[in-house]
2 protein chains.
Amino acid sequence: MEKAKSIKEIARLAGVSTATVSRVINQNGRFSKETEERVLRVIRQNDYTPNMSAKGLRTSRTRVIGVVVPDITNPHFANVVLHLEMEFTRRGYSCLICNTNESSSLEKKHIRSLTAQNVSGIVLISSTRNYTELDSLPVVYVDRPSRSEKERGEGVMIESDNTQGGYLATRELLGAGCRHILILKCLGNDSNQLARYRGFQRAIGEAGVEEEEALRINLDAVSIDGARKAVADLLDGGVAFDGIMSTTDTMAAGAVIALREHGLSVPRDVLVTGFDDCQLAEACGPGLTSVHQDVAEMSRLATELLFQMMRGERPERSHYRLPVTLTVRKSTRR
Amino acid sequence: MEKAKSIKEIARLAGVSTATVSRVINQNGRFSKETEERVLRVIRQNDYTPNMSAKGLRTSRTRVIGVVVPDITNPHFANVVLHLEMEFTRRGYSCLICNTNESSSLEKKHIRSLTAQNVSGIVLISSTRNYTELDSLPVVYVDRPSRSEKERGEGVMIESDNTQGGYLATRELLGAGCRHILILKCLGNDSNQLARYRGFQRAIGEAGVEEEEALRINLDAVSIDGARKAVADLLDGGVAFDGIMSTTDTMAAGAVIALREHGLSVPRDVLVTGFDDCQLAEACGPGLTSVHQDVAEMSRLATELLFQMMRGERPERSHYRLPVTLTVRKSTRR
DNA sequence: ATGAAAGCGCTAACAC
DNA sequence: GTGTTAGCGCTTTCAT
């Protein structure tokens, strides 16, 4: 790769000034049809691409968007990132990815680094904090805890209707006759978990079913094996239940394995629901009924709102809650 | 966020020149202990972070590394990206992610965009082509087709020993008594698939087992459902087999589902192996025996080699093949 | 409709 | 050990 051509070179070859080339590239008007054609031809012939560092330095905007995500290995987040990246690419923007591993100090470091790089905007997935230092940078929060309007600052937020998801899943179990439902969730600063749990409580409340202390598992982290062990312990302890409502597919998968290892059949003996409707749900046991989030729409909306803000417009609303659906598979149909 | 401070500001506040501040920041020597302390204090007090666009413009290096990947939704790739990003972050570099969706034109566009952005280096995962235009930019190819030394240009390549993986998986099946093994693979420009298949052929050849035309499924794309349908068709057609060697976990999962739907038990009636050892393998059916790639080591090595090249050093070798292991689960143990 | 020129924030060559 | 300064490639104001 010989040294990249500069705008100066293009200007020289096209017999115009660098200003004109810049105007043509950015379609800022004030050039004639012929000049445009000539410049574009030279650009094409020389395979010229503007230097983004220079552009970024000059304009403080880089056509790069930062995406901060807890863990890209989580299929749901991977899916969101994939869709975001496609939306960005369609619009000529790049995607800088930052895994936080749920560490808020790492998250802070990433945010710092992103602003230092003059990113055009940030999508912050499932963050704990508000960043007032980001108040002049376009930010869309996805999956983040609801806060009061005051506290939220300028950012816009998008989430799935997690409470409704928990509600739908639980209703599915109740409708199939379950009366002793194990709730399998994860602690930590993830407010989604809580919302899903609230949906569960609402559903059983409406059905006149009592919540049972013994039928609540709180894991420290989301993992197949952690869930498997926890459910196995419960079964070993002789605790009885006829349904499991898990707040993630991963933990549901662990539960299904534990059940199988204890000679219990899904869905004959125990019914199970998951959340996220990822590949795991399709492959797990007899097929896992799972709450489906509309990731494509979520990403599309996030991108649209972000670009609105980047253009200096203010989105109509500052909080969007997307509907979810239940993908019914065999784990809840005897 | 008020306008970010510049190096000039810091220099003024510290009572030194910008050059000195720059030297301190980059630890380029030629400053006194006291000056250093003073400058660092001012930097800390003012929460100063250097503008990366300016740095990038000046040095043509941005502390950003591009990662080109077919599809981040594939658990194996997501895992690689996660590890790469962690390695980069540890070294103070950021990670620009580009999904190609297996489209070579999109890949080309991304490469162009990455060079325009002055990335410091590129990790190219599972690409089809060689890019001679990248010859002066540090590039590490991961999972890419082997080429002759001539054709490969300057890039360094890393891959898992896919042939050995296919061999190990097949040996596992043979060792358990399988004699009619269905090979489930995917067409397309992915040379790994071919390598894994070659491992299969070697194993059955050594065991004196004939390869059967009827026991070969070539899917157009990797998906649970595609595999499920293909295997179901075979079973409906009355084709008999006692083992399945799949070149990915995803397809293996589909196969397991098809078997279950036809009343066949894994591992009693049919044994199954997958490849990649991802979550799916843990959760699928009775647990899927799967070939495990050392993703952490692969990412570590890729990063190390890339940084060597970025420092202008030439790695010892231009081709690394990493050993794989077999994670044995119940799908191959009756 | 076009050009000249300033300057974004930083680094590095050179001078002292 | 420290300062001065040119210039990376681009956009944009101002002049024409």
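By convention in this document, chain letters (A, B, ...) are assigned in the order of the sequence lines, proteins followed by strands, and residues within each chain are numbered from 1. What you are looking at is a predicted structure, and each value in this text was computed from that prediction instead of being measured. The analysis underlying the following values was restricted to heavy atoms, covering all of them including side chains, and did not include hydrogens, waters or symmetry mates.
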Novice: Look at the side chain of Ile7(B) and decide which nucleotide, out of dT12(D), dC10(C), dG9(C), has an atom nearest to it.
Specialist: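 Selected nucleotide: dC10(C).
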Novice: Is atom CD of Gln27(B) surrounded by more than 12 heavy atoms (other residues, nucleotides or ligands) closer than 6.0 Å?
Specialist: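 Check passes, neighbour count above 12.
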Novice: The test is side-chain contact (heavy atoms from CB on, under 4.5 Å); show your working for Arg300(A) and His83(A) and say whether it passes.
Specialist: CA-CA 8 Å; Arg300(A) 203 200 50 70; His83(A) 281 89; over 6 Å; no
Novice: Take Glu36(B) and Thr20(A), find for each the nucleotide of DNA chain D with the closest heavy atom, and name the residue whose nucleotide sits nearer the 5' end.
Specialist: Glu36(B)
Novice: Hey, which of these two, Ser17(B) or Ser6(A), hits DNA chain D nearer its 5' end, going by closest nucleotide?
Specialist: Ser17(B)
Novice: Does anything in residues 43-50 of chain A reach DNA chain D, meaning a heavy atom under 4.0 Å, and if so which residues?
Specialist: Tyr48(A), Pro50(A)
Novice: Whole angstroms only, please: what is the CD1-P distance between Ile25(B) and dC10(C)?
Specialist: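 Spelled out: CD1 on Ile25(B) to P on dC10(C) is 7 Å.
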Novice: Please compare Lys55(B) and Arg23(A) by the position of their nearest nucleotide in DNA chain C and report the one closer to 5'.
Specialist: Arg23(A)
Novice: What's the separation between atom CG in Leu114(A) and atom OG1 in Thr49(B), rounded to the nearest 0.5 Å?
Specialist: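 Answer for the CG-OG1 pair, Leu114(A) versus Thr49(B), is 11.5 Å.
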Novice: Report the relative orientation of the aromatic rings in Phe88(A) and Phe307(A); use parallel for angles under 30°, tilted for 30 to 60°, perpendicular for over 60°.
Specialist: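 Tilted: the ring planes of Phe88(A) and Phe307(A) meet at 30° to 60°.
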Novice: Okay, side chain of Ser22(B), backbone of Thr18(B): is any donor-acceptor separation there less than 3.5 Å?
Specialist: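 A pair under 3.5 Å: no.
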Novice: Pull out every residue in residues 26-35 of chain B that has a heavy atom closer than 4.0 Å to any atom of DNA chain C, ordered by number, or say none.
Specialist: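 By residue number: Asn26(B), Asn28(B), Arg30(B).
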